Amino acid sequence: MRNLLDIILLSFILYRKTLFSLEEKWIKNQISKDTYDRWYSSYNGSVITLNGAIDRLSKDKNQAFQYLKKYLNMLTDMKYVYAEADTIEKREFIGLVFDNNLYY
């Protein structure tokens, strides 16, 4: 897991440097506005995606497993799960149990 995070961090740094270089070239009038717009959206999208991946991989997984262990017995109580769900979650739950041809 740590190696994956390192690779993503390096990719993030590379894309940030490339984005900065693109902005410098546009400021110095070395590239056209159309070229800048096309590459900016591509590089910026990659930066945003990698930043999200870094956030997800940087979170402490132990806390999630402790929470799961604490409430695992409640997940087996389907009446409890259904009662605690809001309307949208209840529809999704029913959709998991029954096929899409269920009408009511």
Side-chain angles (χ1 to χ4, degrees):
M1 183 68 96
R2 187 67 192 158
N3 291 335
L4 178 61
L5 183 59
D6 291 340
I7 292 169
I8 292 174
L9 282 170
L10 289 174
S11 298
F12 176 77
I13 292 168
L14 178 67
Y15 275 105
R16 291 283 302 191
K17 285 183 179 181
T18 306
L19 188 59
F20 183 73
S21 173
L22 179 72
E23 290 172 346
E24 281 185 335
K25 289 177 183 176
W26 184 66
I27 290 170
K28 293 178 181 178
N29 288 326
Q30 294 175 344
I31 58 173
S32 69
K33 176 79 166 114
D34 292 334
T35 303
Y36 172 79
D37 288 340
R38 179 181 38 188
W39 288 107
Y40 177 82
S41 64
S42 174
Y43 293 143
N44 194 43
S46 297
V47 167
I48 291 170
T49 301
L50 290 169
N51 194 27
I54 290 168
D55 287 344
R56 283 191 310 276
L57 292 173
S58 298
K59 290 184 180 175
D60 183 21
K61 304 288 190 252
N62 289 333
Q63 183 180 8
F65 283 117
Q66 290 172 356
Y67 190 75
L68 180 63
K69 186 177 179 181
K70 181 177 178 183
Y71 294 106
L72 187 61
N73 63 335
M74 291 181 189
L75 289 175
T76 59
D77 184 5
M78 292 300 137
K79 286 183 182 180
Y80 172 79
V81 171
Y82 190 80
E84 291 297 313
D86 62 18
T87 305
I88 294 172
E89 292 169 337
K90 287 178 181 179
R91 288 187 67 199
E92 290 176 5
F93 180 75
I94 290 172
L96 290 172
V97 176
F98 299 101
D99 62 1
N100 291 335
N101 295 325
L102 178 66
Y103 295 101
Y104 45 96

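Treat the numbers as computed from the prediction; the structure is a model and nothing was measured. Residues: numbered from 1 along the sequence shown.
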*asked:* Taking side chain to side chain donor-acceptor pair (under 3.5 Å) as the definition, give me every residue that meets it alongside Ser32, ordered by chain and number, with sequence neighbours left out.
replied: Thr35
*In terms of hydrophobic clusters joined by side-chain contacts under 4.5 Å, are Tyr40 and Ile31 together?*
yes
*Kindly write out the residues that satisfy salt bridge (charged side-chain N to carboxylate O under 4.0 Å, His left out) with Lys33, not counting sequence neighbours, or none if the list is empty.*
Asp37
_Rounded to the nearest 0.5 Å, what separates atom CD1 in Ile8 from atom CG in Leu57?_
5.0 Å
Solution key, residues 12-28 side-chain donor-acceptor pairs under 3.5 Å, sequence neighbours excluded:
from: Thr18; atom 1: OG1; to: Leu14; atom 2: O; distance (Å): 2.8

_Under the rule for side-chain contact (heavy atoms from CB on, under 4.5 Å), what residues qualify as partners of Asn29, not counting sequence neighbours?_
none
*Among all residues two or more places apart in sequence or in another chain, which pass the side-chain contact (heavy atoms from CB on, under 4.5 Å) test with Ser58?*
Leu5, Ile54
*State which residues pass side-chain contact (heavy atoms from CB on, under 4.5 Å) with Glu84; sequence neighbours excluded, sorted by chain then number.*
Tyr80
*For Thr49, enumerate each residue passing the side chain to side chain donor-acceptor pair (under 3.5 Å) test, keeping only those at least two apart in sequence or located in another chain.*
none
*Is Leu10 reachable from Leu4 through a run of I, L, V, M, F, W or Y residues, each pair having side-chain heavy atoms under 4.5 Å apart?*
no
*Inter-residue atom distance Ile88.CD1 - Lys90.NZ, 0.5 Å rounding*: 12.0 Å
*Distance-only, no hydrogens or angles: does the Ser46 side chain make a donor-acceptor pair with backbone N or O of Ser42 under 3.5 Å?*
yes
